[in-house]
Amino acid sequence: MKIQDTLLNSKQELDTSKKVKIYLCGVTVYDDSHIGHARTIIVFDVLRKYLESKNVEIEFIQNFTDVDDKIINRANSENTTAEEISTKYIENYFKDFDGLNVKHATRYPKATEHMEDIVKFIEKLIEKQIAYTTKNGVYFSVSKFPEYGKLSKKKIEELQSGVRIEIDEAKKDPLDFAVWKFSDREPVWNSPWGKGRPGWHIECSAMSIEYLGENFDIHGGGRDLIFPHHENEIAQSESCTGVQFAKIWMHVGMVTINGEKMSKSLGNIKSIRHVLENWGPNIIRLFCLSGHYSKAIDYSEELLKENLTKWRQIETCYYELIHSINKNSEKIDAIIEKISVDFDNALNDDLNTHLALSAFFQLVKETNRLAAEEKLGIEDAGIIKKELQRMMKILGLKIPKMTENEKQEIDDMISSREQFRKEKRFEDADKIRDKLNEKNIELIDHKGRTIWMKKEIINGENQK
RNA sequence: GGUACUCUGGCAGAACGGUUAUGCGUGAGCCUGCAAAGCUUAUACAAGGGGGUUCGACUCCCUCGGGUACCUCCA
């Protein structure tokens, strides 16, 4: 599998001959997660599920940043502790992402639980004279890492000339960044240099190396993390260990609203809870995977509606498959095989989910065509269903489950309706159909028989 | 201002130095008691402007322009 590497600016082969180690920069838990977080995490979820479907073992680490000024500020304004804030939003994180069918990471390390590792890491940097202490904290000396800027393609001189007003005049170089900030106010931890808390970048270096080793396969996150976060991580990690840090840097494009990045100041943030309530996990996932992961996608109700249409086709396909009773009448093996290969090839080439979805929808269309022409054989349906489910699992799409009782009840209602239809008592037949519609059961009348499908309830469907 | 990315039909969107996919939308039709869903089929002067390389450019190069992101809050 090939993945575009931000550092080398080219597609790199991912070594899948052994366990693949992935570190994804997670969220800072000071507020609810939004659709932008969802996209990044869904992209990595698909990457991971695809590799696992190929029996590649994955170690997937995603951190929670639970030490941060924003958390502390929030705690102060809500008159509570930073710990309570981070605990609350970690809980919310799991509610949101479980709702989005995202598989749990191997581990979710937190900065607060890795203070020893972080302190040790900083000690090493000081030992190597790459970091130094001032009255405000411990700083990483950018000039000690000549390759600084290699990820973000920035030149040190240019950064220096464009630097903002300096707050800490004790720093040797305005580009130097804090790895430890002194503070007396909670939450603080002890360190050999004094009480305080770690800088933002150091936790990811320390925790990724702790769990994945000094040199691991993929380090990822949103595009906006390239500078300074990932640039600084590289500087710290490589100057500490002396070896290459991540082999591949994979960055996911932003989700924009009307072409602009979501931000607090613009007030255009769409929380996952909000979009989940309106559109459900499947449509959000289809939307997030509709373009190439490296490019920005623009959030709009129109696009979500488009994906709703697609989701209905998938539902139809699924229910046609499980209700199939006909005899096989068309050779389909070759086309299924081709679609399957196209799907895999698309993902193999830098996780091209858009092309993979094209292949997937070809399977859906083909199935619905066969069903419409009364040619969907029961054995073929089995083959198609297996392939459909394989793809859906990778894409993280899920048809809501139903109980046997529910199914039986529907079947009974359909038989009564059939009876009414035979007797041409159409008003009575329609009453039954309406009743089923109220339960989101849609009837599909085929020649001589009626099948049903249970539609996922999408609140956004009827808005506007 | 610097750097990077980007500009494809009404919308979304990929691949590719040589018929520009695919989906949505829209039109027509099929199926149906009627619907719905689905299917079939049609649809589009489609590549920001200008130049160049080439037998041939959406694809490569130059240039001008628009947009977005980043330039120590960011997924």
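Below, read A as the first sequence line, B as the second, and so on, with proteins coming before strands; counting in each chain starts at 1. Please read all numbers here as calculations on a predicted model, not as lab measurements.
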Subject >> Side-chain ion pair, A:Lys11 and A:Asp349, N-O less than 4.0 Å >> reply: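 Looking at A:Asp349 together with A:Lys11, the answer is yes, because their closest N to O distance falls below 4.0 Å.
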Original post:
Can A:Glu315 and A:Arg312 be counted as an ion pair, charged N to O under 4.0 angstrom?
Top reply: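 Salt bridge between A:Glu315 and A:Arg312, a charged N being under 4.0 Å from a carboxylate O: yes.
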Hey, does [X] reach any base, or is it just sugar-phosphate, or nothing, if we go heavy atoms under 4.0 Å?
X        : result
A:Phe426 : base
A:Glu320 : nothing
A:Asn352 : sugar-phosphate

Can you figure out which of [options] approaches the side chain of [X] most closely?
X        : options             : answer
A:Met254 : B:U3, B:A75, B:G25  : B:A75
A:Lys365 : B:U72, B:G23, B:C31 : B:G23
A:Lys261 : B:C70, B:U22, B:A37 : B:C70
A:Leu355 : B:A15, B:G38, B:A75 : B:A15
A:Ala372 : B:G38, B:A15, B:A75 : B:G38
A:Lys154 : B:G2, B:C74, B:C73  : B:G2
A:Asp224 : B:U3, B:A75, B:C34  : B:A75
A:Glu373 : B:A37, B:C39, B:A75 : B:C39
A:Gln313 : B:G38, B:C73, B:C74 : B:G38
A:Arg312 : B:U40, B:G38, B:C71 : B:G38

Subject >> Protein proximity profile, nucleotides 5-12 of chain B - base contact B, sugar-phosphate-only contact S, no contact -, cut-off 4.0 Å on heavy atoms >> reply: S-S----S
More than 12 heavy atoms of other residues, nucleotides or ligands under 6.0 Å from [atom1] of [X]: yes or no?
X        : atom1 : value
A:Lys338 : NZ    : no
A:Glu427 : CD    : no
A:Arg107 : CZ    : no

Determine the Euclidean distance between corresponding [atom1] atoms of [M] and [N]; express it in Å to zero decimal places.
N     : M     : atom1 : answer
B:U40 : B:U22 : P     : 13 Å
B:G9  : B:G49 : P     : 10 Å
B:G17 : B:C58 : P     : 13 Å
B:C71 : B:G10 : C1'   : 37 Å

Original post:
Less than 4.5 Å apart, any side-chain heavy atom of A:Leu125 and any of A:Ser239?
Top reply: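 With C-beta onward as the side chain, the pair touches.
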Subject >> Donor/acceptor link under 3.5 angstrom from A:Arg433 side chain onto base of B:A35 >> reply: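 Counting by modelled atom types and ignoring angles, a donor-acceptor contact under 3.5 Å is found here.
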**OP:** Measure distances between side-chain N and O atoms of A:Asp445 and base N and O atoms of B:G38, and say whether any donor-acceptor pair falls under 3.5 Å.
**Re:**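 Side chain to base: no pair present.
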Paired with [N]: which nucleotide, if any, by Watson-Crick or G-U wobble criteria at under 3.5 Å for both distances?
N     : result
B:U32 : none
B:C70 : B:G2
B:C16 : none
B:G25 : B:U43
B:A37 : none

Subject >> Short side-chain N/O contact to B:A36 OP1/OP2 from A:Asn437, under 4.0 Å >> reply: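 No, no such contact exists.
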**OP:** Tell me whether the centres of the aromatic rings in A:His251 and A:His230 are closer together than 6.0 Å.
**Re:**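 Yes, close enough.
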Subject >> Donor-acceptor under 3.5 Å (A:Arg285 side chain, A:Leu100 main chain) >> reply: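 Between the backbone of A:Leu100 and the side chain of A:Arg285 there is a qualifying donor-acceptor contact (under 3.5 Å).
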